[in-house]
Structure formats: C-alpha cells, structure tokens
Chemist: 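Just passing along the structure, written as structure tokens.
Indexing begins at 1, ligand by ligand and atom by atom, following the structure's order. Here the structure is a predicted model, which means the values were calculated and not measured.
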Amino acid sequence: NHAKRDSSRTRFFTATMADELHQYELLQLRFSEALAKGKLSLAFQPQFSLKTGKLTGAEALCRWHDEILGHVSPGTFIPLAEEQGLICALGEWVLEAACQQLMAWERQGKPFPGRLCVNVSAQQMDDPRLAEHIQRIAMRVPPGKLGLELTESGLMRNPEQTVRITRALCKAGFSMAIDDFGTGYSSLSYLKRFAADTLKIDMSFVQDMLKSSHDHAIVATIIAMAQTLGMLTVAEGVEAAEQAEALRALGCTGVQGFHFGRPVDGATFAELWL
Ligand code: C2E
Ligand code: MG
Ligand code: MG
Ligand code: MG
C-alpha cells in the first residue's frame with residue numbers, strides 16, 4: 001500500500017484516497033448520529049489549588065465511544081464537528097450534560113465543592129447571543145458553579161464581540177478562563193478587556209519547562225503577567241511532581257494534569273471528594 005502511494009506522487013485518485021474519503025464520511029455520519037442520539041459522554045478531570053492542595057474544580061471533556069470505530073479522540077471529532085457545522089449543537093449538549101451532572105451529584109447528597117468548566121469552541125463565539133443561550137441552558141444551576149474555557153485563538157476571531165459576551169457572562173456570575181494560553185496571539189490590551197479571571201497555561205510549555213529555559217521563561221512570564229492583571233493561573237498537562245514544584249515556585253495558582261488525576265467518568269470522579 002505504501003509502495004503504491006510513493007510511486008504515485010502525481011495527484012490522481014487512488015484506492016487509498018477512496019479509503020480515506022470513505023473513512024472520513026463514515027466518521028462524519030457516525031458522529032452526527034452519536035450527537036443526535038445522545039451517545040456522547042463527559043469525562044471529568046480535577047483541578048487543584050497549588051496553595052492549599054484542595055480540589056477547586058474540574059474540566060468536563062467530551063468523549064465518544066463508537067460501536068464500530070471504538071474510542072475516537074476529541075482531537076479528531078471536535079474539528080469534524082466544526083467542519084460539519086455541528087459544534088454549536090455539541091457545545092449545547094456538553095453544557096447541558098455538565099449541568100445535569102452537577103444536579104445529579106447534588107441529588108445524590110454529594111454536591112460538587114468546586115467549579116465545573118466546559119470548553120466553548122471558537123465558532124460558538126460567532127453567535128452574538130451566546131451569553132443568553134448559555135444562561136438559558138444553565139438556568140437550573142448556580143452560575144458560580146460553572147466556568148467557561150475559551151481558547152485564546154477563539155477569543156481573537158471577533159474580539160469586540162468577545163468582550164461583550166465575556167462581560168455579560170461575568171455579570172451573570174460565570175467564571176471564565178482563557179484556554180491554551182500562549183499558543184494564540186491575544187493582544188495585551190484585549191486581555192484586560194475580556195472578562196476572564198483565569199489563564200490556562202498551555203501544556204506544551206508546562207511539559208517542556210524543566211528541559212528548556214525558553215519554555216520556563218514563557219511560563220514565568222505568563223504567571224507574572226496574570227498576577228499583574230489580577231488573574232489566576234492554571235497550568236495544564238502537569239505530569240510530574242517536579243513540574244508542580246517549579247510552577248508553585250513561580251506563583252502559579254492551580255494545576256490540572258495526569259500527575260494529579262486523569263479525566264474519569266462522573267461516578268468515579270465523585271469519589272474524589274467523598
Ligand atoms: P483542552 O481544553 O486544552 O483540554 C485538555 C486536554 O489535555 C484534554 O485532552 C486532557 O485529557 C488532556 N490532558 C490533561 N492532562 C494531561 C496531561 O497531564 N498530559 C497530557 N498529555 N494530556 C493531558 P482531550 O480530552 O483529548 O481533549 C482535547 C481537546 O479537545 C481539549 O483541549 C479541547 O480543546 C477539546 N475538547 C474536549 N472536549 C471538548 C468539548 O466538550 N467542547 C469543545 N469545544 N472542545 C472540547
Ligand atoms: Mg479546556
Ligand atoms: Mg487547554
Ligand atoms: Mg490544550
């Protein structure tokens with residue numbers, strides 16, 4: 001198969017390409033079905049305070065297990081949902097499911113002691129009425145229990161609209177984090193105008209900070225800037241105690257990563273605070 005590909009560098013439709021197209025269409029079809037039939041699920045990854053060691057919150061991460069395709073990672077199906085115009089529907093489903101989970105823990109007598117954060121994709125930010133939609137979906141949970149994670153690149157697509165949306169959501173009581181910070185290109189003047197309270201330091205910097213003085217400097221700079229702006233910092237992708245130690249030394253306020261806990265289902269997650 002490989003040999004065939006290499007010998008046909010000129011562009012014509014090969015059996016491999018037909019396979020890939022078929023595979024892509026199959027993915028699209030099965031994803032839209034999974035979303036429509038409520039076959040997606042959420043996993044929860046804990047976030048801890050580096051100051052107190054206490055559980056402060058969690059990130060809700062979407063999961064898709066397909067009967068035929070097996071486990072498909074968000075790295076595959078989120079872009080797929082974006083291309084299919086399904087990302088807003090997915091975003092609504094995720095927020096709805098996160099609220100259901102908060103209410104379920106409450107009913108079971110184990111109310112979540114922290115804040116549950118959901119990811120908001122860039123395309124959702126194109127909706128000028130996003131703040132109202134989120135408030136309507138989350139009507140039955142206290143907004144202080146919910147956080148929204150917006151990627152740095154998503155925020156800068158339409159920064160003026162983002163300023164309005166984040167301010168409305170902040171006023172309504174939701175907290176907001178800028179996700180994957182350091183990988184986008186937000187201007188410092190906007191950073192102040194977005195009503196975000198937290199910067200999430202992208203895991204690429206965190207994972208290299210002990211190997212590379214360059215990455216260490218980037219992490220240090222992000223934390224110092226957040227402090228100046230009165231924002232919290234959550235380092236993502238912390239996989240080793242030494243990384244956590246270095247982050248604490250720099251004044252980082254929170255951590256999330258495999259060293260502290262992997263994303264798990266709701267029932268398993270609830271064991272963390274009981
Ligand atoms: P993200 O929002 O930056 O989420 C963090 C990702 O890092 C998650 O990957 C998580 O499992 C992974 N992670 C956490 N700790 C560690 C660690 O210590 N080491 C390593 N190597 N990885 C770690 P996941 O669940 O595969 O999600 C990937 C991305 O897909 C997310 O990145 C987010 O951008 C997107 N995503 C996931 N769920 C949703 C969703 O419900 N809505 C939207 N719009 N995007 C989502
Ligand atoms: Mg996130
Ligand atoms: Mg992130
Ligand atoms: Mg990330």
Chemist: Report yes or no: do Q207 and E239 form a side-chain donor-acceptor pair below 3.5 Å?
Modeler: yes
Chemist: Which one holds for H259 and ligand 1: side chain close, backbone close, both close, or neither close, with close meaning a heavy atom under 4.0 Å?
Modeler: neither
Chemist: Judged on heavy-atom distance to atom 18 (O) of ligand 1, which of F258, W93, F77 sits nearest?
Modeler: F258
Chemist: Check ligand 1 against P263 and write out every atom of the ligand that is under 4.0 Å from a heavy-atom position of the residue.
Modeler: 11 (O)
Chemist: Looking from the Mg ion (ligand 3), what is the angle between OD1 on D179 and OD1 on D180, to the nearest 10°?
Modeler: 90°
Chemist: Just to the nearest 10 degrees, tell me the angle at the Mg ion (ligand 2) spanned by E149 OE1 and N119 OD1.
Modeler: 100°
Chemist: Any donor and acceptor pair, going by atom type alone, linking the side chain of Q161 with main-chain N or O of M125 inside 3.5 Å?
Modeler: yes
Chemist: Are any non-hydrogen side-chain atoms of W273 and K110 less than 4.5 angstrom apart?
Modeler: yes
Chemist: Purely on distance, is any nitrogen or oxygen of P74 under 3.5 Å from one on ligand 1?
Modeler: no
Chemist: So which bit of C62 gets within less than 4.0 Å of ligand 1, heavy atoms only: side chain, backbone, both or neither?
Modeler: both
Chemist: Does R30 come within less than 4.0 Å of E67, counting only side-chain N to carboxylate O?
Modeler: yes
Chemist: Could you list the donor-acceptor pairs under 3.5 angstrom formed by side chains in residues 214-229, with sequence neighbours left out?
Modeler:
{"from": "D215", "atom 1": "OD2", "to": "S212", "atom 2": "OG", "distance (Å)": "2.6"}
{"from": "T221", "atom 1": "OG1", "to": "A217", "atom 2": "O", "distance (Å)": "2.7"}
{"from": "T228", "atom 1": "OG1", "to": "A224", "atom 2": "O", "distance (Å)": "2.9"}

Chemist: Heavy-atom pairs closer than 4.0 Å: do any link ligand 1 to the side chain of E59, the backbone, both, or neither?
Modeler: side chain
Chemist: As an exercise, identify every atom of ligand 1 less than 4.0 angstrom from a heavy atom of D179.
Modeler: 1 (P), 2 (O), 3 (O)
Chemist: Would you say the side chain of P111 lies within less than 4.5 Å of the side chain of W105, judging by non-hydrogen atoms?
Modeler: no
Chemist: Salt bridge between R193 and E160, side-chain N to carboxylate O under 4.0 Å?
Modeler: yes
Chemist: Please list, one pair per line, the donor and acceptor atoms closer than 3.5 Å that link side chains of residues 149-157 to other protein atoms, with sequence neighbours excluded.
Modeler:
{"from": "E149", "atom 1": "OE1", "to": "K200", "atom 2": "NZ", "distance (Å)": "3.3"}
{"from": "E149", "atom 1": "OE2", "to": "K200", "atom 2": "NZ", "distance (Å)": "2.7"}
{"from": "T151", "atom 1": "OG1", "to": "G154", "atom 2": "N", "distance (Å)": "3.2"}
{"from": "E152", "atom 1": "OE1", "to": "G182", "atom 2": "N", "distance (Å)": "3.0"}
{"from": "E152", "atom 1": "OE1", "to": "T183", "atom 2": "N", "distance (Å)": "3.4"}
{"from": "E152", "atom 1": "OE1", "to": "G184", "atom 2": "N", "distance (Å)": "2.6"}
{"from": "E152", "atom 1": "OE2", "to": "S186", "atom 2": "N", "distance (Å)": "3.1"}
{"from": "E152", "atom 1": "OE2", "to": "S186", "atom 2": "OG", "distance (Å)": "2.5"}
{"from": "R157", "atom 1": "NE", "to": "D126", "atom 2": "OD1", "distance (Å)": "3.4"}
{"from": "R157", "atom 1": "NH2", "to": "D126", "atom 2": "OD1", "distance (Å)": "3.3"}
{"from": "R157", "atom 1": "NH2", "to": "D126", "atom 2": "OD2", "distance (Å)": "2.4"}

Chemist: How close do M176 and A195 get, counting heavy atoms only, and between which atoms?
Modeler: CE-O, 3.5 Å
Chemist: With heavy atoms only and a cut-off of under 4.0 Å, state how D180 meets ligand 1: side chain, backbone, both or neither.
Modeler: side chain
Chemist: Yes or no: does S73 have any heavy atom under 4.0 Å from an atom of ligand 1?
Modeler: no
Chemist: Numbering the atoms of ligand 1 from 1, which are under 4.0 Å from a heavy atom of Q207?
Modeler: 19 (N), 20 (C), 21 (N)
Chemist: Going through the distances and angles, do F205 and F181 end up as a ring-ring contact (aromatic ring centres under 6.0 Å, His included)?
Modeler: CA-CA 10 Å; F205 306 118; F181 190 77; 8.8 Å; no
Chemist: Of the listed options (M203, E149, R262, Q123), which comes nearest to atom 6 (C) of ligand 1 when hydrogens are ignored and any heavy atom counts?
Modeler: M203
Chemist: Which is it for N119 and ligand 1 at heavy atoms under 4.0 Å: side chain, backbone, both or neither?
Modeler: both
Chemist: One residue to check: V238. Relative to ligand 1, which of side chain, backbone, both or neither has a non-hydrogen atom less than 4.0 Å away?
Modeler: backbone
Chemist: Should you measure from each heavy atom of V94, which atoms of ligand 1 turn up under 4.0 Å away?
Modeler: 41 (O)
Chemist: Check whether L274 and F112 end up in the same hydrophobic cluster, where Ile, Leu, Val, Met, Phe, Trp and Tyr are linked by side-chain heavy atoms less than 4.5 Å apart.
Modeler: yes
Chemist: From the Mg ion (ligand 3) out to just under 2.8 Å, does an N/O/S atom of E59 turn up?
Modeler: no
Chemist: Quick one: are P263 and F44 in side-chain contact, heavy atoms under 4.5 Å?
Modeler: no
Chemist: When you compare ligand 1 with E236, is there at least one nitrogen or oxygen pair between them that comes in under 3.5 angstrom?
Modeler: yes
Chemist: From the options E82, R63, E239, select the one whose nearest heavy atom is closest to atom 25 (O) of ligand 1.
Modeler: R63
Chemist: Of all N, O or S atoms in E236, which has the smallest distance to the Mg ion (ligand 3)?
Modeler: OE2
